[in-house]
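Just the heavy atoms: all of them, side chains too, but no hydrogens, waters or symmetry mates, feed the values below.
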Amino acid sequence: MRVFLVKGNSLHLLFLLFAFTSLTQADAPQQSPPDQAGPAALKNLTLEELSQIEVTTPSKEPVKAIDTPAAVYVLTGDDIRRFGATSIPEALRLVPGVEVARIDASHWSIGIRGFGTNLTRSVLVLIDGRTVYTPLFAGTNWDTQNTNMDDIDRIEVIRGPGGTIWGPNAVNGVINIITKDSKETHGILVSAGGGNEEQGFLNFRYGGGNGKDFDFRVYGMGFTRSPEDHADGRNFDDWREGQAGFRMDWKETRDTFTLQGDLYDEIAGESVGATSYTPPYSQTLYANSYLSGENILGRWKRTVNQANDFQLQIYFDRTNREEANYAEIRDTFDIDFLQKLQLPARQNVSWGLGGRVDPVDDPVVVSGLQFVPNKRTDYLGTAFVQDEIGLVARHLSLTLGTKFLKTNFTSGVDLEPSARLLWTLSEKQTIWTAFTHALRTPSDSEEDFYLLGYITTLPNGMPYFARFNPNPNFAPEQLNGYELGYRRVLGRNFYVDLTGFYNHYHNLFSEDLTGEPYVETDPEPVHLLLPAEFRNGLLGYTKGIEIAPEWRPKDFWRLRGSYSYLHMNIGRAPDSGDVGTAPSIVGSSPHHEVTVQSAFDLSKKLQLDLTYRYVSQLPAQLVPAYSTGDARIGWRFNRQYELSLVGRNLFQPSHYEDGGDPGPLVGIKRSVYARLTWSR
Amino acid sequence: MEQVTRNHFRLPRSSAILLALIAGGAGLIPTFLQAEEPLEYEVKAAFLLNFTKFIEWPAEAFASPGSPVSICILGEDSFGSTLDQIVSGEAINGRKVTAQRIKRAPPPRTCQILFVSKSEREAARILPELGPGVLTVGERDTFIREGGMIAFVIENRRVRFDINQIVAEKAGLKLSSKLLSVARSVEK
């Protein structure tokens, strides 16, 4: 990658570099004697000398939500376990501002602050620092993000453009899934169970360590899930998966190393549309998709001193998708560097650099869906720099930063600046506000993609199609986001988090007709073609509020709620040729979402968790408003065994959530499963 | 297509690289030129070794005349290999100094120093269970109040410690005046 080629003036540049660094060098903190590191040297010091040495305390507590100038919500591993979530999309239902609508057994429509689709675009999703968003359509395939749920330490969701977490696609939010350090997963853990929807599952994990500086774990998991509820009897969406992986963590005095990897193989049934130039022109295919992949990631963190630490991460990820209407093998090579520095005048500077290369092969499966050329390499380079400035110590901090983004889809480098202010009125009350400019880079599906749609067959027998042709000039979608938040701790056991936002968008994805129909002779047979393109013809705004209170009336009883309100106003830009997609976008996100959760510790061994959920209607999906409930009883009958019973979607035998599949709406069934866990 | 280019935050390629290099260069060069500071747990490990030199244990504190002076870490181990490196090859009065990690209160005479990690929130439960002859060292600010003998505290980025001499002497331990003079505070 030729990012560092600088034309001419290189002497000038070097001078600037050294001038800048000599300034910071002069301000570096004074070292107190003796200035050698290493335990061996410390042994020989007297008691007085040991008492005088200045030290680094690398044991930094993770930043608490109350001190973060962003709309962050953390789902802990315990929250996920007590909800009984068996997949990450199901766990995300609990997060305010996130809309999760299940399409069928293996597909979900997810969005943050609107724009939910089965592609989950404009949201950056990461697992342990590995981005799982695909540049194919700038979104995420949730059917291949299965994880051993017991290994998840927490899921951090940031609504709105990401802060220090940087990377492509962080426009409407960031979902960061973090697994436990191997130090925390010693011993054996086996869990198995089944039910009507989760027909059978088995998870196994073994972890250990040498008791000092090395820990590891290995795991295996598998599940088989039943189809959801189909009025037409086509039970196509059964799903089975097998997966295994490992993780190793080494800790030296100031370095930590992590190596982890997974491999998976699955068969997920789906229904997809397929079009072709030859009869029958357009069909719905009900078929299995064969999905497999492997990944390996290495990470090195080093604490240099109190004011300086950095991290280097490299990973490789391969995904292999064979679906009825398209196929892809995508390899990702990624390297990222991140450094945090404390500078004088209460400044915390972070900066980072990253690069990613994706060679991809999309062989043609149906002639109506083609990526051209089918062998390509996507790449991206990112950088960011951020300064958190303590304007008034412990009371007012201003964070200024920007990301830089360069991909193979755009010329030049794009900037995503952001400014955030955090006002800490007291230990119990904070107000924050933020402005961010973010963008969603173009993807293969806008720039290299031919998508055929069948309209009708003319009286003379000639087929009439519309086709979206690649748009190499598709520009990034733009967002200017304004947010305001307030957090308050009241008394000893009540906490509330409020956020309001106003997002102004332009250059949004639109489906535009580009000309009059004409007769095309290639590919055969001769057909009438209406040309179209994906363009940047929509704009508008979204606004809303999210309220998340938490109350612990008793030691053994915790109540949590969330309410999200969303108003979307999206329409065509003045001279756009968009065919009218805006009402469908607006009508596919709910205005209101409510969740209420009650977590009850009935005794030291018995836990009861109840959840109530309401989602208002999705008119464009023909889905009415629904409310439903979930319950989990967990009984730990001794140190080794726990039995739990989980009921999901209990209010109705089935209900609709989204119309993402061709054909009739798929009902999401009422389901129950039991799980037995053995640990030692 | 005019509206497409409205509000486009873009830089021509060369100036963006320049900015990135400057921001990056500033971070990289100081990294390699600044001396490394010792870590908190390296200094605490050095202190633990020093405690073995400046404290006298009664004979009954040991299982046998040849048994080592054992430093036991209870709870989460933040030392890593540092403590082992520091005690390696050390001996006091003919006894080797060793380090071990334990998960619950030790049986009598197995540990001469018990370091209670800050991950252990209920030191108060463990301390009464110990027999005499064990020096208890902790990190939480409640440690002395809960009955501990020496508590590490970080003050002005330096590792200091508070001593409760009364509890230590009740356990049969003799603390040298050298040790007491370096402590931040001593309860007599």
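With a 4.5 angstrom heavy-atom cutoff, S181(B) does not touch chain A via any of its atoms. For L179(B), the parts sitting under 4.5 Å from any heavy atom of chain A are the backbone and the side chain alike.
Atom NZ of K53(B) sits in a crowded spot, with more than 12 heavy atoms from other residues, nucleotides or ligands closer than 6.0 Å.
A donor atom on one side chain and an acceptor atom on the other are found under 3.5 Å apart for N480(A) and H437(A).
Contacts with chain A were tallied for V182(B), L83(B), V87(B); V182(B) has the most, counting heavy-atom pairs under 4.5 Å. Considering only heavy-atom pairs separated by less than 4.5 Å from chain A, the leading option among I73(B), D77(B), L49(B), D84(B) is D84(B).
Seen from the ring of F47(B), K44(B) does not count as a face-on cation partner, given the 6.0 Å and 45° thresholds. Annotation: cation-pi pair R95(B)/F62(B) present, NZ/CZ under 6.0 Å from the ring centroid and within 45° of its normal.
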